[in-house]
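Reading through the structure tokens given below for one structure.
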Amino acid sequence: MLVRLMYASRAVPAVDQEELLAILKKSKANNTRSGITGALCFSEGIFMQVLEGGRSAVNQLYNRIANDPRHSAVVLLAYDEIDERRFAGWSMGQVNMQRLNPALLLKYSECARLDPYAVSGKVSLALFDELVATAAIMGQ
Ligand code: FAD
């Protein structure tokens with residue numbers, strides 16, 4: 001039984017590039033062990049992450065992440081049972097914000113800013129799909 005979960009959160013001010021890299025490193029190691037794949041996006045203090053894998057593994061990880069003091073305002077954007085993964089190639093890919101075309105953001109929202117709090121979960125997932133399609137996810 002596979003599921004896909006997506007959430008958004010606000011990083012605490014202390015989270016910088018070094019902390020982001022530490023989170024990604026830990027995520028890759030842990031997720032490989034527990035069969036979880038996905039991608040993490042960090043922009044202007046906002047995290048957005050997709051997690052895919054077995055239902056209980058994903059649920060346990062989400063609970064752990066939601067209690068992490070490095071972010072707050074964790075909001076569940078989407079949770080679905082799925083037949084196949086979209087992020088099978090990434091234990092935890094990182095969205096390359098340099099390759100994020102502002103036109104792509106405008107396609108899905110009122111202004112060219114990444115703000116998952118202002119759009120539906122469906123829209124955020126569609127945006128992630130396009131990031132995969134345009135090779136904007138690193139760390140395979
Ligand atoms: P350890 O790394 O040994 O940590 C033990 C405890 O210390 C945990 O409670 C941990 O939350 C806390 N801790 C560790 N480092 C810090 C720190 N720098 N500041 C404050 N507390 C800290 N983990 C994954 O496994 N996979 C993911 O995909 C993933 N995505 C994440 C996305 C975001 C936005 C954030 C903020 C965290 C993410 N994490 C992820 C980290 C997760 O919240 C846990 O910290 C991690 O899974 C714990 O790993 P561990 O059990 O090996 O414990």
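In each ligand, atom 1 is the first atom listed, and ligand 1 is the first ligand listed.
Looking only at protein heavy atoms, the nearest one to atom 3 (O) of ligand 1 is K26 NZ, 4.1 Å. Summary of contacts: the protein heavy atom closest to atom 38 (C) of ligand 1 is I23 CG2, 3.7 Å. With respect to atom 40 (C) of ligand 1, the closest heavy atom belonging to the protein is S27 OG, 3.4 Å. In terms of protein heavy-atom proximity, atom 24 (C) of ligand 1 is closest to L61 CD1, 3.4 Å. Nearest to atom 46 (C) of ligand 1 among the protein's heavy atoms is R64 NE, 3.8 Å. When hydrogens are left out, the protein atom nearest atom 42 (C) of ligand 1 is D68 OD2, 3.5 Å; that is the closest non-hydrogen contact.
Listed by number with element, the atoms of ligand 1 under 4.0 Å from a non-hydrogen atom of E19 are 18 (N). Ligand-side atoms of ligand 1 in range of N30: 25 (O), 47 (O), 49 (O), 50 (P), 52 (O), range being under 4.0 angstrom from any heavy atom. Annotation for ligand 1: atoms under 4.0 Å from non-hydrogen atoms of N31 are 24 (C), 25 (O), 26 (N), 27 (C), 28 (O). Every atom of ligand 1 is numbered from 1 in the order shown, and the set under 4.0 Å from a heavy atom of F47 is 34 (C).
Residue contacts with ligand 1 include Y7, since one or more of its heavy atoms lies under 4.0 Å from the ligand. Contact between P69 and ligand 1 is present, with at least one heavy atom of the residue lying under 4.0 Å from the ligand.
No side-chain heavy atom of E81 sits less than 4.5 Å from a side-chain heavy atom of R4. For the pair R70/I23, a side-chain contact is recorded, criterion being any heavy-atom separation below 4.5 Å from C-beta on.
For atom 5 (C) of ligand 1, no protein heavy-atom neighbour is found at a distance under 4.0 Å. Protein heavy atoms are absent from the 4.0 Å sphere centred on atom 10 (C) of ligand 1.
Inspection of the S72 and R10 side chains reveals no N or O donor paired with an N or O acceptor under 3.5 Å.
D68 contributes no side-chain N or O that, together with a main-chain N or O of R64, makes up a donor-acceptor pair within less than 3.5 Å. Side-chain atoms of E52 come within 3.5 Å of backbone N or O of F87 as a donor-acceptor pair.
Taking the six-membered ring where the residue is Trp, Y62 and Y7 present tilted rings, their angle falling between 30° and 60°.
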